[in-house]
Amino acid sequence: MQSPPRILWVDDDEDILASAERLFRGETVHFQAATSAEEAKDMLRKGIYAVVVADQRLQRSSGVDLLEFAKRHAPATTRILLTGYVDNAVIEEAVNRGAVFRFINKPWDNDELSVDITKGIEHHRLKITQAGLLREVTRQNKRLEEMTSGLEKLVAERTTDAEKSKDEAERGLARMRDLVRFIKDLSTLTSIDELMNLIAKELRAFNTLRPPVLGYVASERRPMIVHFQGKQVVEKEMRQAWSASVRLRINEIDDRVYLANEFGRPFVKVIAIPLKRRMAALESEPEPPATLFFEHSLPDSRIEPFLAFVSERLQPLSIALDRILLEYHLKYTSYQWESTFDGIKDPIAIVDVDYRVVRANRHFHGGSFEVSCHRIFAGSDTVCRGCPAAAALSSGVPQTGQVRRGQRTFQAHSYPIRMEGDAAVTNVINYYVDVTAARELHGRVVQSEKMAAIGLLAGNIAHELNNPLTGIRSLAQVLLVELEPDSQLRSDVLEVEKAAARSQKIIENLLDFSKGGAGERQTRVSLNEIVSRTLPMLKTAMREHRSEIYLCEERVDVRVEPNLMQQVVFNLVNNACQAMADAGTITIETSAAGPGWCELRVSDTGQGIPPEIRDSVFEPFFTTKEEGKGTGLGLSMSRNVIEKFGGEIHIESEPGQGATFIVRLPRVGETG
Amino acid sequence: MKILIVDDEPLVRKSLSRACLAKGHRVTEAADGTEGLAAWREQGPDLVFLDVLMPGLSGPRLLDEIGEAEARRAVVILMSAYSGEHNMETAQAMGAALFIPKPFDDIFEVVDKAEALFAERSARQKG
């Protein structure tokens, strides 16, 4: 078992350290903190860290400086910079100095941070592996050297008799040794910076030679020029590329003009040496070859030896450059893929047969790989209900299902990955699309269509009833006039007239109510009136229960769309009735509630609402009723309506003690 | 005055007719548009209570049939339970003097209004 990877976090803010430390508690990493750059440097010298995270603003030092120190003394450690805000200058500097793997903005997002840290650890592991490979190459080079020195001995023996040729042979051997050493040095390079330094060092003997300038074509065909600025190697993207010629060019005007234009200073003599890139030649479109430019003031007699010296080294140099650029390219393309996937707002994960996450994008949450996808995605120890991955694995064709995360619904697509033609499928890509909003919208459409249909039906019935009702009431009124004042019948007819008037009022309300809210204007209306106009429609629902209605004496007005508000009252009272399995008491109360507000409280004496679902009851499609009894939209619609009127709705409930829904609305014109 | 009541709802006819009779008017009832058209032509009423929606001939169609000249000779009061479809404006465009939505709050109020309109009309014609 390997020891857990170590993370060094450098920040002079103890609170930040504490919260970072909390983040890694229980994770399989070893967290260590340093409060100053000095302390961190000391730790980096003594221990091996997978990742170092440094705050940009450290006392007496900067994060970039510290990370640069880390780059020199612990090159394999992944370097992450924490910046308080997006500071372009800092980022640019850090990039130029090649010191940073990732940037994290403060305050950070825990999920994103742990993704970055996980990737950092992974990066470190790769580096270590790479370093192992390098060691192997070095060992082989050493053998080569040993062989050379064996050769040297052999030659020494054979040439004892010819001093002159011995000198020559020794020179030849020295040259060969130099060459072998150069090749060995080349093979350990990992960056263009190092390559440039090596070239400069190698050519130091030619003292009228200026440091090299290298042109190469980076990813996406960007022409780049690398050159020295003092001791620093700097790189810049060019507006245009250099000569496409593959010839060796000595002091040609084109190269001088090109460099002079790009650098803004005259170049007198330039030797341009194209480096043949084998990998680049494989690409379809020709690119200008990587080219080494040397500004020089070599006398003509020295040019020949210089070219001889360089040409011996040209091929290994080209191979080294090829290798470095290829690595750059691979890193770049993998980064491109990574950022593409991370840019996708839907969660995506590659999952194996045991539901372990192999790779995942940022929106899949969590950075700890090799944990089950359902744990990361839904926080569950069992496979998500409806997950199509198993079916995709066994059938080998894409499958779709619906899974839930908390209150949200996702359409999950599982695409099997086949590594080879007919090999068994061992991995699937799980792609999750949040369809909560779409479903909610669909539900609303259904609900509003339903309401519209009911409204139409109610409207028709109401109108149809209006005709006979007109007759009944009118005839009763005529009879009341015609009958003798003391007639026994008179009081009966009076009852008929009153009943007809009441029916008329109910129908009028029903018509108003069923008109629906679309396009209705908000008007000022008394809260009590809304309640009293709605109650007649709830008689059936309330029939089995005792009802207590307390309307406040003071007039409280609200600004609402009366029909919608009536629907809310209807929903709340109807829900309260349904919440009571046995006969109970339903209490409806209106009151002025503090300055500028009024309240409507609807209470039942049912089972109450358990705290764990108290927030969920307002979610669309949440319902505890049997299939077909509720749409699960009533309360969510009520909340939307109340919020539209600038109010709020919440619940007070004790298990077993019933529940109270409290609607608070802004009160208008308190003086009225 | 001579009043014609055209409505397919018997109770509406009956109550209107009783209220009008009580005020001393002569009343004819018609149970639908066709019947109403015949009675109108036959009697030349001073005032017509006309329902909008009736089987066969609707109130507005009846007005069409009777012709504008004849329609203007009487005070026409259009009544409807489907208030959305018609209002005072559309009723007046058809040549009616008043639109009354059903149900009525007070039938005597309706008769009072009818009498007032008729008196107004007579005064204008004389003047």
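Throughout, protein chains are lettered first and strands after them, A, B, ... in sequence-line order, and every chain is numbered starting at 1.
- A 6.0 Å sphere centred on NZ of K2(B) holds more than 12 heavy atoms belonging to other residues, nucleotides or ligands.
- Residue contact with chain B, scored on non-hydrogen atoms closer than 4.5 Å, involves the side chain of L479(A) exclusively.
- For the atom pair F104(B) CZ and L469(A) CG, the distance stands at 11.5 Å (nearest 0.5 Å).
- For the pair G471(A) and S15(B), the tightest heavy-atom approach, listed with the atom from each and the gap, is O-OG, 4.0 Å.
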Apply side-chain contact (heavy atoms from CB on, under 4.5 Å) to Q504(A) and D105(B), showing your working. CA-CA 9 Å; Q504(A) 204 175 307; D105(B) 272 332; 3.3 Å; yes
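- Here R473(A) does not pair with D106(B) in a salt bridge; the nearest charged N to carboxylate O distance is not below 4.0 Å.
- Summarising the geometry, atom OG belonging to S17(B) is positioned 10.0 Å from atom CG belonging to L475(A); distances are rounded to the nearest 0.5 Å.
- Between N467(A) and E9(B), the shortest heavy-atom distance links the atoms O-CG, 3.7 Å.
- Taken to the nearest 0.5 Å, the NZ atom of K14(B) stands 12.5 Å off from the CD1 atom of I472(A).
- The environment of CZ in R41(B) is crowded: more than 12 heavy-atom neighbours from other residues, nucleotides or ligands sit within 6.0 Å.
- Taking all atoms of both residues into account, the shortest heavy-atom contact from L11(B) to P468(A) is CD1-O, 4.3 Å.
- Counting heavy atoms of neighbouring residues, nucleotides and ligands inside a 6.0 Å radius, atom CD of E68(B) does not exceed 12 of them.
- For Q477(A) against I107(B), the heavy-atom pair with the smallest separation is OE1-N, 2.7 Å.
- When heavy atoms are compared at a cutoff of 4.5 Å, E482(A) approaches chain B solely by way of its side chain, counted from C-beta outward.
- If you take CE on M79(B) and OG1 on T470(A), they are separated by 9.0 Å, rounding to the nearest 0.5 Å.
- Expressed to the nearest 0.5 Å, how far CZ of R13(B) lies from OG of S474(A) amounts to 13.5 Å.
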